[in-house]
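By convention in this document, chain letters (A, B, ...) are assigned in the order of the sequence lines, proteins followed by strands, and residues within each chain are numbered from 1.
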Amino acid sequence: MKTTCEWKPEISKESGSFRYQRIKMMNNASSIWVEPRVNSSPHVGEFFLLKEKQMANKLNESMADEKLHKLRHSAAHVMAQAVLDLFPTAKFAIGPAIENGFYYDFDLPRPLSAEDLEQIESRMKEIIKQRHTFEKQVVSAEEAKQLFKDQPYKIELIEGLEQGGFDEHGDPIEEKPEISIYKSDTFIDLCRGPHVDHMGQINPKGFKLMSVAGAYWRGDEKRPMLQRIYGTAWSDPKDLKEYLWKIEEAKKRDHRRLGKDLDLFSINDEIGPGLILWHPKMGLMRKLAEHFCDEEHMKAGYDFVYTPHIGKASLWETSGHLGFYKENMYAPIEVDGQEYYLKPMNCPFHVHIYKSRIRSYKELPMRFAENGTVYRYERSGVLHGMLRVRGLTQDDAHHFCVPEQMPDEIDFVLNFSLHILRSFGFVDFNAYLSTRPEKFVGEVSRWEDAEEALELALQRADIPYQVDDGGGAFYGPKIDIKVKDALGREWQLSTIQFDFNLPERFDMTYVGEDGQTHRPYMIHRALLGAYERFFGTLIEHFGGAFPVWLSPVQAILIPIADRHNDYAHNVAEKMKAAGLRVQVDDRTDRMNAKIRDAQNQKIPYMLVIGDQEIEADSVAVRKRSGENLGAIETAAFIEMINNDIAEKK
RNA sequence: GCCCACAUAGCUCAGUCGGUAGAGCACAUUCUUGGUAAGAAUGAGGUCAUGGGUUCAAGUCCCAUUGUGGGCUCCA
């Protein structure tokens, strides 16, 4: 976090095990409980049973995790041996187990190809067959350096170990860790372990090399670029199959794929990378989403504001953005000898609305909301469809309040956030509370009050959360909310952040009951995050089959023959009058083809019309799930679909 | 930004050893008027991302540029 109010959502790359260790588990038993789905809330007795079961599962999972971890790390060693067989001059970096598998970084004389991967994989299978054992040996730093004298990366690691190590929370520890090596067959690696006992425990049908990619040594772009081979490994070949299936499924749901297939959005070279064109269908959906959110914000007591897209350099100097965020800002525009910057954030503008006159404590809390379009320079390599873009519209708001109001304000904004997310069909949440880092601005007491308020709000909201101690931005603690999608992937959407920096920098005040000026609390929040990213997530979550209330076309009328067209158009008019979005497919194609097209367009309802339906003033209803509901009277169908819409199904 | 790969019709892709471009789908026209996932025929559609170079000749080989994809703090 480099900035005063940087809160751009990151693509979730579910944390690997080591990252996890750094996050202290603060959940009490009840917060492990995930919000029950609608219509399935258990009664009290069941509730505790379920909770126990879940905790037991968690325990089993972590034991299984450890076994898998050993397996994967061992597979990484076998892979390294196979690579060494092919490239005797290879230099080795690191090869940890990660979620779903493992990787190993190498410095090789030439780039790897797909054929190389195949060759490495079959060599690995040969090595595994020989069931070599993994033997650990503790050595001195001198011995280790001698052993790895031709391996510069290993030498660097050994020197790092000599300096002292880190405990599993990432904190430095006093005593030096022991240096150990593992030997398996002809391969010796500097390694902390642990490993499986012997290679027989690695199922040759349970792993697969996936890809090769560039990766900087120690993640530092100033250091050499290595070649990283990714692999996946499982104890049961069935798990591997399932994992590969999941990858296939994810590909089908890829929002870039569906964006083309369903004509939702495009990105045009001539316009520029990371800039989204919203096509009519998704434009309509966005309009509906904005409308819904506007209504909810209005009910909840937000004020709407609109602010410009550019501001003078001095504004961004005051806010600190030119100091901390400049590399993410578009270059300035010069007008009348003044420099203007495209806004990367909305906060300074909202602050100035607040500051446009003297504020009294009686006016607070204030909540300024704006769908603010901002531009951020993202490095070309990180752009990704709608999920990582350069121009985006945040559903942004800033709350200003007096200290006594702050806990209620946090409670309110957290619940409001969950309400909005649930309305869009998300049911599983994970929250991350990030607290005061080493470098920070503001008073410690304010930090502590804010952190306490955030944590209590999380407990009251009864959603699972983890605390990332010291992981907050320098300007304030925050809650990030991640949602789990249909495939169990996590996406960060909402964020609620305190800001102790901007009120100082802009000298924001209010006059209190005592007639003195005081500093207000300032809270940033975005619920959907950004419309671009949110819709990318929605597309993947629903696989393009949006809920009826959002679907651009809610029902399509399919006349069987030309003589049914007039009746179909009649029904369509009735439905439109009832507020539905319907179309008539009166092309000359056969009914089967029309159904197929509608199905591919993932239209929720297909209404087939033939002689029988005209006779009975009905429509034959087919859902996109393939379910055939048979003939339903037109009026009854309108009522049915309106119920779906009212319930946001 | 960096590493690797890729860029051919609206989409998905083929194009052999360098010899002036192909399929399926989609689209248009015509025929077909049908009961729950593709009826048929015909037709139109391409400066092979852009700019250089090599060559008698470049979609194909080389270089650069632009864009896209997979990666790039999970510590031995």
Interatomic distance, A:D585 CG vs B:rA38 P [rounded to whole Å]: 15 Å
Whole angstrom value for the distance that separates P of B:rU36 from CG of A:D589: 16 Å
Base-pairing mate for B:rA58 - Watson-Crick or G-U, with both contacts under 3.5 Å: none
Pairing partner of B:rC2 (Watson-Crick or G-U wobble, both distances under 3.5 Å): B:rG71
First of A:P111 and A:Y104 reached from the 5' end of RNA chain B, by closest nucleotide: A:P111
B:rC4 and B:rU65, which share atom name P, separated by this distance in whole Å: 13 Å
A:H384 and A:H255 aromatic ring geometry - parallel, tilted or perpendicular at 30°/60° bounds: tilted
B:rA64: pairing nucleotide in any strand, Watson-Crick or G-U under 3.5 angstrom: B:rU50
Gap between atoms CZ and P, on A:R228 and B:rC74 respectively (whole Å): 7 Å
Span that lies between the C1' atom of B:rC74 and that of B:rG24, in whole angstrom: 44 Å
Cation-pi, A:F106 ring and A:K91 (6.0 angstrom, 45 degrees): no
P gap between B:rA40 and B:rC25, integer Å: 9 Å
Mate of B:rU42 where both pairing distances stay under 3.5 Å, Watson-Crick or G-U: B:rA28
Pairing partner of B:rA23 (Watson-Crick or G-U wobble, both distances under 3.5 Å): B:rU12
Side chain of A:I560 - closest among B:rU36, B:rG35, B:rU33: B:rG35
A:R218 vs B:rU73: side-chain N/O to OP1/OP2 distance below 4.0 Å: no
Parallel, tilted or perpendicular: rings of A:F474 and A:F324 (30°, 60°): tilted
Touch class at under 4.0 angstrom, heavy-atom based, for A:A215 against every strand present: sugar-phosphate
Nucleotide forming a Watson-Crick or wobble pair with B:rA37, both distances under 3.5 Å: none
Nearest-angstrom distance, P atom, B:rA44 to B:rA5: 40 Å
Gap between atoms CD and C1', on A:E613 and B:rG35 respectively (whole Å): 8 Å
Whole-Å distance separating the CG atom of A:D254 from the P atom of B:rC11: 16 Å
Touch class at under 4.0 angstrom, heavy-atom based, for A:Q227 against every strand present: nothing
Phosphate-side-chain proximity, A:Y230 and B:rC72, N/O vs OP1/OP2 below 4.0 Å: yes
A:R257 side chain near B:rU12 phosphate (N/O to OP1/OP2, under 4.0 Å): yes
Distance in angstrom units between A:D107 CG and B:rA76 C1', rounded: 17 Å
Touch class at under 4.0 angstrom, heavy-atom based, for A:D597 against every strand present: nothing
Distance below 4.0 Å between A:H384 side-chain N/O and B:rG70 OP1 or OP2: yes
N/O (side chain, A:S380) to phosphate O (OP1/OP2, B:rG1) under 4.0 Å: yes
Within the 6.0 Å centroid threshold, strictly below: A:F102 and A:Y104: no
Nearest-nucleotide comparison on RNA chain B, the residue closer to the 5′ end among A:G610 and A:G381: A:G381
Closest to side chain of A:T588, choosing from B:rA76, B:rU12, B:rU33: B:rU33
Touch class at under 4.0 angstrom, heavy-atom based, for A:N628 against every strand present: base
Aromatic contact, A:H77 with A:F187 (centres under 6.0 Å): yes
Side chain of A:R587 (C-beta onward), nearest among B:rC27, B:rG35, B:rG67: B:rC27
Side-chain N,O (A:Y103) to OP1/OP2 (B:rG71) below 4.0 Å: no
is_close_aromatic(A:Y230, A:Y103), centroid dist under 6.0 Å: yes
Sugar-phosphate only, base, or nothing, as touched by A:K594 at under 4.0 Å among non-hydrogen atoms: nothing
Sugar-phosphate, base or nothing in reach of A:D220, heavy atoms under 4.0 Å: nothing
Touch class at under 4.0 angstrom, heavy-atom based, for A:G219 against every strand present: sugar-phosphate
Sugar-phosphate only, base, or nothing, as touched by A:A620 at under 4.0 Å among non-hydrogen atoms: base
OP1 or OP2 of B:rA76 under 4.0 Å from side-chain N/O of A:R192: yes
Parallel, tilted or perpendicular, as decided by the 30° and 60° cut-offs, for the rings of A:W234 and A:Y243: tilted
Closest to side chain of A:R256, choosing from B:rG39, B:rG69, B:rU12: B:rG69
Candidate nucleotides B:rG35, B:rC31, B:rA76, ranked by approach to the side chain of A:V608 - the nearest: B:rG35
Distance test, side-chain N/O of A:K222 to OP1/OP2 of B:rC2, below 4.0 Å: no
Presence of A:R596 side-chain N/O under 4.0 Å of B:rC25 phosphate oxygens OP1/OP2: no
Centroid separation A:Y182 to A:H195 less than 6.0 Å: yes
Nucleotide of B:rG67, B:rG35, B:rG1 approaching A:D269 most closely (side-chain heavy atoms): B:rG67
C1' atoms of B:rA14 and B:rG71, separation to the nearest Å: 29 Å
Centroid separation A:Y330 to A:Y341 less than 6.0 Å: no
Given A:L117, A:I229, A:L84, the one that forms side chain to side chain contact (heavy atoms under 4.5 Å, CB included) with A:M79: A:I229
Phosphate OP1/OP2 of B:rG34 contacted by A:R563 side-chain N/O (<4.0 Å): yes
Listed nucleotide nearest any side-chain atom of A:D562, set B:rG1, B:rA37, B:rG34: B:rG34
Separation of atom CZ in A:R379 from atom P in B:rU68, rounded to whole Å: 15 Å
Nearest to side-chain heavy atoms of A:R590, which nucleotide of B:rU36, B:rA76, B:rG39: B:rG39
Distance between C1' atoms of B:rG51 and B:rC56 (Å, rounded): 23 Å
Among B:rC2, B:rU33, B:rU68, the nucleotide that comes nearest once only the side chain of A:A561 is considered: B:rU33
Length of the CG-P vector between A:D263 and B:rU12, whole Å: 13 Å
Inter-nucleotide C1' distance (B:rA23, B:rU66), Å rounded: 29 Å
